[in-house]
There are 2 protein chains.
Amino acid sequence: MTARISAVNSAGFVSPAGLTAVPVVLAPRQGRLQVLLVPRTEEPFAGTWALPGGFMSPAERPEETAQRKLTEKTGVGAIYLEQLQTYAEPDQDPRGWIPTIAYLALIDAAVLRAESNARWVPVDDLPPLAFDHARVVRDGVERLRGKLWWSNIAVGLLPERFTMPQARAVFEAISGVRHEPSNFRRELEQSGLVRATGEVARVGPGRPAALYEFVERRPAWSLRRSRPPATVRARR
Amino acid sequence: MTARISAVNSAGFVSPAGLTAVPVVLAPRQGRLQVLLVPRTEEPFAGTWALPGGFMSPAERPEETAQRKLTEKTGVGAIYLEQLQTYAEPDQDPRGWIPTIAYLALIDAAVLRAESNARWVPVDDLPPLAFDHARVVRDGVERLRGKLWWSNIAVGLLPERFTMPQARAVFEAISGVRHEPSNFRRELEQSGLVRATGEVARVGPGRPAALYEFVERRPAWSLRRSRPPATVRARR
DNA sequence: TCAATAGTGTCTTTTAGACACTATATT
DNA sequence: AATATAGTGTCTAAAAGACACTATTGA
C-alpha cells in the first residue's frame, strides 16, 4: 500500500491532501447507455476500473480540470459538462483526505471511437470500480435520465442534424425504455427543443426521414412539455 | 487584509488551504421565502453578510459540518439537508484556495424564532453578501422551488399537522405564485405526499379546517403527480 | 343573521397513450 | 409488386384549470 498523504496549511491546521475532479462520461452505444472507464494500476485498486479523473491545481477551475482529464484520456473535450456532486467522506480515499468533485460529461457523438486504454462499459453491467465510483456512476446516470426530457442535454449525443428515429434510439438507450414512435415524434416536436430543417435523409429502403436540429445548442431547458412520455405498453 | 493561507501536502504539491461547508437555510416567513444570514466582521468582507458556514475537519462528513455550523448559529439542526453544489473557483476566497460545499438546509418551522446575531432576509431582497454567496443562495432557492411538488421537502417547513390553507401559504411563499385553493387541495391530496388525520383545527371564525400530516417524514419523492399545479389566473 | 373561512362538485381544456392508416423510398 | 421504413390522424383516457356552489364556524 502506498503511503498516506497529508497536508497542513500555513495557519497550522490539517488541510485536504488534494482535490480531484472526475468526469462521468456517458454515451449511448450499441443501444445501451455506457460509461467511459480507465484501468487502475496502483494499489490498493490494481485490477479495478475507475472514472478518468485527476488532481486539481489551485489555478484551475474544477470544470477545466474535468475537461483536461477527459481530453487526456479520449482526445476530445466534453460537449456538455455539469457538476454532479462532491464526495468527501472521511475514508473514501486510502491515500488521504482527498475530496472529489464529480461531473456529468457528454462527448460528441462523432468522436465516440477515440479511445486509448479507456474502455466503454454498459452502466448496468459495471466491473469492480475503485473508490466509490460505482455510486458516482449511478448518480450520473440518474441525473442524465432525469434531465433528458426537460433540457436539450441530448444535443451532444446526436449529430448536428438527425432524424426522429435516430433521436428515438438515443433517448431509448439513455432511459432504457421503448417509446411509441408516433407519440415520441409528437412529444419531441412539442417540447420546443428541436425544429425541422426541411431537409431529408436518404439511406437504404423506406421513406426518407426528415432531418431535425436542436433549436438551442447551448444548455437550455424546455419550456413546453410538462412530463416525460410514456413507455410502450405491450400490445393487447 | 488578512494574510493568505497556503498548504502543501507531504508529496510536495500545493493542496487546498481548507474546505468549508455552508448551509443555505431557507424558510417561509411573513409570506416570503427568507434565508438565514450572519454578519461578517473580518476584512475584506466587514459590513457584509454571509451564509453560516465553516471549516471541515478530515474526520467529519461534510453534512455533519453543515449541521454543526447550523446548530452553532441557530441552536437547532436541519430537518432536511441536501448537497447543493461545490464552488471552487480559483479566486473566490481571498484567504486562499478554499473550496466550498454548499447545502440546502430546511429547519423546523417551530424553531424559526431561535436566532443569535443571525438574521432572516427575503431572498429577493438580499444585502451585499460575502464571497459568491449571492449565487449560492440563488442556486438553493432554485433547487427548493424545483423540488417542492415532487418531494416531501416541505415537511420541515410545516408543523407536524397542518391545514390545507397553511400548506398553501407555505407553498405560495416558496414558489412566489398564488394557487387556486380547491385545485391546490386536490393536487396535494393526489400527490400522495400527505394524508388527512381526521382531526380539525378550530381557530377564529369560519369553518374549522381539517388537519393533514405528511405520509413520510424522511426525504421521499411523490409517486403520483406529474407536474406542478397552475397558478391562479386573473378572473375574467 | 352575517361575515369569514373551509371544502365539494363539475364543466372545460389540455395532454398523453394507443393504434389504424397513409406516404415514399429500395429491390 | 413486395417490403421496409417514415409519418399522419384520431379516438380515448387522464390530468389540470376555472369557478359556482355548499358547509361550518364566531360575532
Side-chain angles (χ1 to χ4, degrees), chain A residues 31 148-150 158-159 161-172 175 177-212 222-236, chain B residues 31 148-150 158-159 161-172 175 177-212 222-236:
Chain A
L148 189 58
W149 278 100
W150 308 87
L158 282 162
R161 288 174 308 169
F162 52 88
T163 66
M164 277 291 164
Q166 279 178 331
R168 185 159 51 86
V170 166
F171 275 58
E172 288 179 346
S175 62
V177 293
R178 301 194 341 101
H179 296 290
E180 205 287 318
S182 76
N183 291 340
F184 177 90
R185 168 188 304 277
R186 182 180 64 198
E187 307 284 355
L188 189 54
E189 275 175 344
Q190 289 192 350
S191 73
L193 294 171
V194 306
R195 135 183 81 213
T197 64
E199 298 161 292
V200 294
R202 287 194 172 72
V203 278
R207 176 172 172 174
L211 285 166
Y212 290 79
S222 159
L223 297 173
R224 309 266 299 272
R225 99 180 320 288
S226 60
R227 59 176 152 179
T231 62
V232 175
R233 284 217 298 241
R235 290 262 172 149
R236 43 178 176 179
Chain B
L148 190 57
W149 277 102
W150 308 86
L158 282 162
R161 290 174 307 170
F162 52 87
T163 66
M164 277 292 164
Q166 277 178 333
R168 184 159 51 87
V170 166
F171 275 58
E172 288 179 345
S175 62
V177 293
R178 300 194 340 103
H179 297 291
E180 206 286 318
S182 76
N183 292 338
F184 177 90
R185 168 187 305 277
R186 182 180 63 197
E187 306 283 356
L188 189 53
E189 275 174 345
Q190 289 191 351
S191 74
L193 294 172
V194 305
R195 137 183 80 212
T197 64
E199 296 161 294
V200 294
R202 289 193 170 72
V203 279
R207 175 172 172 175
L211 284 166
Y212 289 78
S222 161
L223 298 173
R224 309 265 299 271
R225 98 182 317 292
S226 60
R227 60 176 151 176
T231 61
V232 175
R233 284 218 298 243
R235 291 266 171 143
R236 42 179 177 179

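Hydrogens, waters and symmetry mates play no part in the numbers below; they use all other heavy atoms, side chains included. Convention: sequence-line order gives letters A, B, ...; per-chain numbering from 1. Predicted model, so just to flag it, every value in this text is computed and none were measured.
- Comparing C:dG7, C:dA16, D:dG17 by their nearest atom to the side chain of B:Glu187 picks out D:dG17.
- Computed from coordinates, the A:Phe184 CZ to D:dA6 C1' distance equals 14 Å when rounded to whole Å.
- A heavy-atom distance below 4.5 Å is not found between the side chains of A:Phe184 and A:Pro181.
- In this entry the distance linking CD of B:Glu199 with P of C:dG7 reads 14 Å, nearest Å.
- Nucleotides of DNA chain C nearest to B:Arg207 and A:Gly206 differ in position, and the one nearer the 5' end is that of B:Arg207.
- Rounding to whole angstrom units, CZ of residue B:Arg202 and P of C:dA6 are separated by 14 Å.
- Interatomic distance, B:Leu193 CG to B:Trp150 CH2, rounded to the nearest 0.5 Å: 11.0 Å.
- With contacts defined as side-chain heavy-atom distances shorter than 4.5 Å, the pair B:Leu188/B:Trp149 qualifies.
- Rounded to an integer number of Å, the gap from A:Asn183 CG to D:dT8 C1' is 12 Å.
- Atom NE2 in A:His179 sits about 18 Å away from atom C1' in C:dC19, given to the nearest Å.
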Inset, instruction - Show your working on side chain to side chain donor-acceptor pair (under 3.5 Å) between B:Glu189 and B:Tyr212 and close with a plain yes or no. - result: CA-CA 9 Å; B:Glu189 275 174 345; B:Tyr212 289 78; 2.7 Å; yes
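- Each of B:Pro205 and A:Tyr212 was matched to the nucleotide of DNA chain D holding its nearest heavy atom; the match closer to the 5' end belongs to A:Tyr212.
- Residue A:Arg186 is classed as a base contact, given a heavy-atom separation below 4.0 Å to a base.
- Spacing between atom CZ of A:Arg168 and atom C1' of D:dG7 amounts to 11 Å, rounded to whole angstrom units.
- Atoms CZ (A:Arg185) and P (C:dC19) sit 19 Å apart, rounded to a whole Å.
- Of the two residues contacting DNA chain C, namely A:Gly204 and A:Ser182, the nearest-nucleotide position lying further toward the 5' end is that of A:Ser182.
- Between the C1' atom of C:dT8 and the CD atom of B:Glu189 lies a distance of 11 Å, rounded to the nearest Å.
- Residues A:Val200 and A:Leu211 are not in side-chain contact: their nearest non-hydrogen atoms beyond the backbone lie 4.5 Å or more apart.
- B:Pro181 comes within 4.0 angstrom of no nucleic acid atom, judged by non-hydrogen atoms across all strands.
- Comparing C:dC19, D:dA18, C:dA23 against the side chain of A:Glu180 picks out C:dC19 as the nearest.
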